[in-house]
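Contents: one structure, followed by commentary.
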Amino acid sequence: MLRISKLTDYGTLILAHMASRPERLHSATELAETLGLGVPTVSKVLKALGRHSLVNSHRGASGGYALARPPQQINMAHIVDALEEQPFGLTECSAGSGLCSMETGCRIRDNWQRINGVVRRALQDVSVADMIHPHGPAAGITEHRLHGPEPHPGMARLTRLDQED
(Lines give C-alpha, C1' and ligand atoms only; values in the text may rest on other atoms or scores of the structure.)
Protein backbone atom coordinates (compact mmCIF):
# COMPACT_ATOMS: atom_id res chain seq x y z
CA MET A 1 0.00 0.00 0.00
CA LEU A 2 1.24 3.46 -0.86
CA ARG A 3 0.91 5.79 2.08
CA ILE A 4 2.39 9.08 3.20
CA SER A 5 3.36 9.56 6.83
CA LYS A 6 1.04 11.26 9.28
CA LEU A 7 3.51 14.17 9.51
CA THR A 8 3.19 14.73 5.76
CA ASP A 9 -0.59 14.63 6.08
CA TYR A 10 -0.41 17.12 8.96
CA GLY A 11 1.98 19.32 6.98
CA THR A 12 -0.48 19.41 4.09
CA LEU A 13 -3.30 20.26 6.48
CA ILE A 14 -1.26 23.03 8.13
CA LEU A 15 -0.17 24.57 4.82
CA ALA A 16 -3.71 24.42 3.41
CA HIS A 17 -5.03 26.20 6.52
CA MET A 18 -2.30 28.83 6.25
CA ALA A 19 -3.07 29.29 2.54
CA SER A 20 -6.73 29.93 3.33
CA ARG A 21 -5.64 32.99 5.38
CA PRO A 22 -2.36 34.07 3.74
CA GLU A 23 -2.58 37.65 5.00
CA ARG A 24 -1.92 36.72 8.61
CA LEU A 25 0.80 35.11 10.68
CA HIS A 26 -0.11 31.78 12.26
CA SER A 27 1.26 30.65 15.61
CA ALA A 28 1.94 26.99 16.32
CA THR A 29 -0.57 27.16 19.19
CA GLU A 30 -3.32 28.65 17.02
CA LEU A 31 -2.71 26.09 14.28
CA ALA A 32 -2.76 23.24 16.80
CA GLU A 33 -6.03 24.41 18.37
CA THR A 34 -7.74 25.10 15.06
CA LEU A 35 -6.70 21.82 13.45
CA GLY A 36 -6.99 19.58 16.51
CA LEU A 37 -3.29 18.67 16.61
CA GLY A 38 -0.73 18.74 19.40
CA VAL A 39 1.47 21.83 19.69
CA PRO A 40 4.71 19.74 19.67
CA THR A 41 3.64 18.05 16.44
CA VAL A 42 2.74 21.35 14.77
CA SER A 43 6.05 22.88 15.91
CA LYS A 44 7.99 19.91 14.50
CA VAL A 45 6.18 20.14 11.17
CA LEU A 46 6.64 23.92 10.93
CA LYS A 47 10.38 23.61 11.61
CA ALA A 48 10.77 21.00 8.86
CA LEU A 49 8.72 23.12 6.45
CA GLY A 50 10.91 26.10 7.34
CA ARG A 51 14.12 24.14 6.68
CA HIS A 52 12.78 23.48 3.17
CA SER A 53 11.74 27.12 2.61
CA LEU A 54 8.01 26.42 2.51
CA VAL A 55 7.22 28.66 5.50
CA ASN A 56 8.95 31.65 7.05
CA SER A 57 9.19 32.23 10.78
CA HIS A 58 8.64 35.73 12.19
CA ARG A 59 9.86 36.29 15.75
CA GLY A 60 8.42 38.57 18.37
CA ALA A 61 5.27 39.04 20.41
CA SER A 62 3.11 39.20 17.30
CA GLY A 63 5.22 36.68 15.38
CA GLY A 64 4.27 33.41 13.81
CA TYR A 65 4.58 31.56 10.54
CA ALA A 66 3.60 32.50 6.99
CA LEU A 67 3.87 30.75 3.65
CA ALA A 68 7.26 31.44 2.06
CA ARG A 69 5.67 31.72 -1.37
CA PRO A 70 2.20 31.76 -2.92
CA PRO A 71 0.21 28.53 -2.40
CA GLN A 72 0.16 27.94 -6.17
CA GLN A 73 3.96 27.61 -6.03
CA ILE A 74 4.03 24.96 -3.28
CA ASN A 75 3.15 21.50 -4.54
CA MET A 76 2.60 18.16 -2.88
CA ALA A 77 6.05 16.93 -3.95
CA HIS A 78 7.62 19.82 -2.00
CA ILE A 79 5.68 18.78 1.10
CA VAL A 80 6.59 15.10 0.73
CA ASP A 81 10.26 16.03 0.24
CA ALA A 82 10.20 18.23 3.35
CA LEU A 83 8.46 15.79 5.68
CA GLU A 84 9.19 12.22 4.61
CA GLU A 85 12.24 10.64 6.26
CA GLN A 86 13.74 9.27 3.06
CA PRO A 87 13.86 10.30 -0.60
CA PHE A 88 10.61 9.80 -2.49
CA GLY A 89 10.41 6.36 -4.01
CA LEU A 90 7.86 3.60 -4.35
CA THR A 91 10.65 1.03 -4.04
CA GLU A 92 14.21 1.21 -2.72
CA CYS A 93 15.63 1.20 -6.24
CA SER A 94 13.32 3.96 -7.46
CA ALA A 95 14.34 6.26 -4.58
CA GLY A 96 18.01 6.23 -5.58
CA SER A 97 20.91 4.17 -6.81
CA GLY A 98 22.92 1.82 -4.64
CA LEU A 99 20.15 1.08 -2.16
CA CYS A 100 19.35 -2.46 -3.33
CA SER A 101 21.80 -5.36 -3.55
CA MET A 102 19.94 -6.77 -6.59
CA GLU A 103 19.98 -3.49 -8.49
CA THR A 104 22.51 -4.35 -11.21
CA GLY A 105 20.73 -7.48 -12.46
CA CYS A 106 17.16 -6.41 -11.79
CA ARG A 107 14.81 -6.78 -14.75
CA ILE A 108 12.01 -4.62 -13.34
CA ARG A 109 13.93 -1.63 -11.95
CA ASP A 110 13.42 0.51 -15.07
CA ASN A 111 9.67 0.05 -14.86
CA TRP A 112 9.60 0.88 -11.14
CA GLN A 113 11.52 4.05 -11.92
CA ARG A 114 9.05 4.89 -14.67
CA ILE A 115 6.08 4.36 -12.30
CA ASN A 116 7.87 6.40 -9.64
CA GLY A 117 8.24 9.25 -12.14
CA VAL A 118 4.53 9.20 -12.95
CA VAL A 119 3.58 9.39 -9.27
CA ARG A 120 6.15 12.14 -8.65
CA ARG A 121 4.74 14.21 -11.53
CA ALA A 122 1.22 13.75 -10.14
CA LEU A 123 2.41 15.12 -6.77
CA GLN A 124 4.03 18.05 -8.56
CA ASP A 125 0.78 18.81 -10.39
CA VAL A 126 -1.22 19.42 -7.19
CA SER A 127 -0.53 22.64 -5.32
CA VAL A 128 -1.50 23.78 -1.85
CA ALA A 129 -3.91 26.17 -3.62
CA ASP A 130 -5.55 23.10 -5.20
CA MET A 131 -5.87 21.51 -1.77
CA ILE A 132 -7.99 24.40 -0.50
CA HIS A 133 -10.06 24.58 -3.69
CA PRO A 134 -10.80 20.93 -4.46
CA HIS A 135 -11.82 19.71 -7.89
CA GLY A 136 -13.50 16.51 -8.99
CA PRO A 137 -15.35 13.95 -6.81
CA ALA A 138 -14.18 15.44 -3.49
CA ALA A 139 -15.23 19.00 -4.43
CA GLY A 140 -18.06 18.99 -1.86
CA ILE A 141 -15.66 18.59 1.05
CA THR A 142 -14.93 21.99 2.54
CA GLU A 143 -13.00 21.10 5.68
CA HIS A 144 -10.53 18.41 6.74
CA ARG A 145 -9.99 18.37 10.47
CA LEU A 146 -8.50 16.03 13.02
CA HIS A 147 -10.45 15.45 16.22
CA GLY A 148 -9.28 14.35 19.62
CA PRO A 149 -5.81 13.52 20.87
CA GLU A 150 -2.88 12.69 18.64
CA PRO A 151 -3.72 9.45 16.80
CA HIS A 152 -1.81 6.25 17.36
CA PRO A 153 1.30 6.17 15.11
CA GLY A 154 0.33 5.26 11.57
CA MET A 155 -3.37 5.81 12.21
CA ALA A 156 -4.48 9.33 11.30
CA ARG A 157 -8.09 9.73 12.38
CA LEU A 158 -9.39 11.95 9.62
CA THR A 159 -12.89 13.28 9.50
CA ARG A 160 -14.38 15.22 6.64
CA LEU A 161 -16.88 17.82 7.72
CA ASP A 162 -19.38 20.10 6.05
CA GLN A 163 -20.05 17.98 2.98
CA GLU A 164 -22.35 19.64 0.52
CA ASP A 165 -25.25 17.58 -0.76
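Small disclaimer: the values here were computed from a predicted structure and weren't measured. Basis for what follows: all heavy atoms, side chains included, without hydrogens, waters or symmetry-related copies.
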Residues that [X] engages under side chain to side chain contact (heavy atoms under 4.5 Å, CB included), provided they are two or more places apart:
X: S53; value: none
X: R121; value: V118, Q124
X: R114; value: N111

### Query
To the nearest 0.5 Å, what is the distance between CG (L49) and OG (S57)?
12.0 Å

### Message
Is the shortest side-chain heavy-atom distance between N116 and W112 below 4.5 Å?
### Response
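Result no, sub-4.5 Å side-chain heavy-atom pair not found.
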
### Query
Which residue pairs pass the ring-ring contact (aromatic ring centres under 6.0 Å, His included) test with at least one member in residues 11-50, sequence neighbours excluded?
H17-H26

### Query
Which atom names give the shortest non-hydrogen contact between V42 and A28, and what distance separates them?
CG1-O, 3.7 Å

### Query
Is E30 salt-bridged to R24, going by a charged N under 4.0 Å from an acidic O?
yes

### Query
So if you build clusters from Ile, Leu, Val, Met, Phe, Trp, Tyr with side-chain heavy-atom gaps below 4.5 Å, do F88 and L54 land together?
yes

### Message
Under 4.5 Å between side-chain heavy atoms, counting indirect links through other Ile/Leu/Val/Met/Phe/Trp/Tyr residues: same cluster for L25 and V39 or not?
### Response
no

### Message
Going by salt bridge (charged side-chain N to carboxylate O under 4.0 Å, His left out), name the pairs with one or both residues in residues 43-56, residues two or more places apart or in two chains.
### Response
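Matches after skipping sequence neighbours: none remain.
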
Table please: side-chain donor-acceptor pairs of residues 58-84 below 3.5 Å, with sequence neighbours left out.
residue: N75; atom: OD1; partner: A77; partner atom: N; Å: 2.9
residue: N75; atom: OD1; partner: H78; partner atom: N; Å: 2.9
residue: N75; atom: OD1; partner: H78; partner atom: ND1; Å: 3.4
residue: H78; atom: ND1; partner: N75; partner atom: N; Å: 2.9
residue: D81; atom: OD1; partner: R120; partner atom: NH1; Å: 2.8
residue: D81; atom: OD2; partner: R120; partner atom: NH1; Å: 3.3
residue: D81; atom: OD2; partner: R120; partner atom: NH2; Å: 2.7
residue: E84; atom: OE2; partner: S5; partner atom: N; Å: 2.9
residue: E84; atom: OE2; partner: S5; partner atom: OG; Å: 3.0
residue: E84; atom: OE2; partner: T8; partner atom: OG1; Å: 2.5

### Query
Among D9, T41, L46, V128, which residue meets the side chain to side chain contact (heavy atoms under 4.5 Å, CB included) test with I14?
L46

